[in-house]
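On a predicted model such as this, the values are computed, not experimentally measured, just so you know. Both ligands and their constituent atoms are indexed starting at 1 by order of listing. Note: hydrogens, waters and symmetry copies are ignored here, and every other heavy atom, side chains too, is used.
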Amino acid sequence: MPHFRLISFDLCPYVQRCVVTLREKGIDHDVDYIDLRDRPDWFVALSPLGKVPVLEVTRDDGTKVVLFESVVINEYLDEVTEGSMLPADPLERARCRAWIEFGNALLSDAFSVTSAEDEAALGKILEKLGDKLDRLEREIRTGPFFLGAEVSLVDTALTPALQRLNWANEIHPAMAIFEGRPKAAGLWRALAERESVQGSAPHDLRQQFDKMVGRDRGGYRSVVGARVTA
Ligand SMILES: N[C@@H](CCC(=O)N[C@@H](CS)C(=O)NCC(=O)O)C(=O)O
């Protein structure tokens with residue numbers, strides 16, 4: 001087995017997806033944290049897009065390959081370990097990849113929700129987001145996970161968006177993120193119980209998240225006002 005070194009920024013939801021996959025599959029790895037606001041030169045040289053996550057893979061012969069993009073890293077990690085987190089059937093596998101891409105759009109909407117400037121802007125974003133969540137609701141068959149009883153790469157890709165939307169909803173329940181969407185709610189509940197998800201981010205991520213969107217982006221503060229204590 002090659003040696004894996006994950007380059008991380010502790011608040012990054014894309015890194016978190018890879019950490020959930022690494023933990024689900026019990027893969028030994030090292031993590032190096034960088035500060036994206038003050039990128040070390042070695043990271044700038046290493047990361048083709050200047051983004052995290054990066055997975056540096058060292059083969060047995062010492063040669064190294066640098067992988068980037070969370071979705072690509074997750075598929076690679078899945079392929080080199082026992083028990084696939086994607087279905088064997090090509091059509092079902094393609095459906096999963098399509099919903100992983102959907103997870104990217106959901107994450108982007110989750111960012112928009114937390115950075116809404118006022119109630120009107122929030123209303124517009126919630127409409128768009130509501131449509132996505134309804135589609136996700138229809139796509140989950142039996143639950144609790146996207147494919148059923150087993151966690152898949154779709155679930156690891158959706159985790160950071162569902163987590164952040166759940167936090168936003170806790171602060172501002174009128175967002176009604178999971179209302180009328182029992183399967184999407186059940187998916188998040190089932191994910192939140194997994195050890196892989198619980199250990200996928202710094203223990204104070206919630207506080208850091210509130211602080212980041214509240215102070216730096218003006219989002220939570222304008223949306224939920226005094227309820228943010230960070
Ligand atoms: N599509 C990329 C997105 C990664 C990404 O945007 N990472 C952010 C941190 S959460 C980043 O490194 N941003 C730095 C930049 O854009 O310069 C993935 O899935 O890995």
- Got the closest protein heavy atom to atom 2 (C) of ligand 1, with its distance? E69 OE1, 3.3 Å
- Query: Does R17, backbone or side chain, put an N or O under 3.5 Å from an N or O of ligand 1?
  - Reply: no
- Note on the structure: Looking only at protein heavy atoms, what sits closest to atom 10 (S) of ligand 1 is C12 SG, 2.6 Å
- Item | Ligand-side contact atoms (ligand 1) for residue partner P13, heavy atom cut-off under 4.0 Å | 10 (S)
- Query: Are D35 and R39 close enough for a salt bridge, meaning some N to O gap below 4.0 Å?
  - Reply: no
- Item | Ionic contact status for E92 with R141, cut-off 4.0 Å | yes
- Query: Does V52, backbone or side chain, put an N or O under 3.5 Å from an N or O of ligand 1?
  - Reply: yes
- Heavy-atom contact under 4.0 Å between L36 and ligand 1? yes
- Considering only non-hydrogen protein atoms, determine which one is nearest to atom 17 (O) of ligand 1 and report residue, atom name and distance to 0.1 Å. R39 NH2, 3.1 Å
- Message: Under a 3.5 Å threshold, yes or no: a donor from one side chain and an acceptor from the other, between H3 and D30?
- Response: yes
- Query: In terms of side-chain heavy atoms, does S112 have a donor or acceptor partner in D109 at a distance below 3.5 Å?
  - Reply: no
- Query: In terms of residue, atom name and distance, what is the protein heavy atom nearest to atom 16 (O) of ligand 1?
  - Reply: K51 CE, 3.5 Å
- Query: How many angstroms lie between atom CG of L107 and atom CD of Q16, to the nearest 0.5 angstrom?
  - Reply: 9.5 Å
- Query: Where is the nearest protein heavy atom to atom 19 (O) of ligand 1: which residue, which atom, and how far?
  - Reply: S70 OG, 2.7 Å
- Does any donor atom in the side chain of T156 or R17 lie under 3.5 Å from an acceptor atom in the other side chain? no
- Message: Side chains of Q163 and N166: any donor to acceptor distance under 3.5 Å?
- Response: no
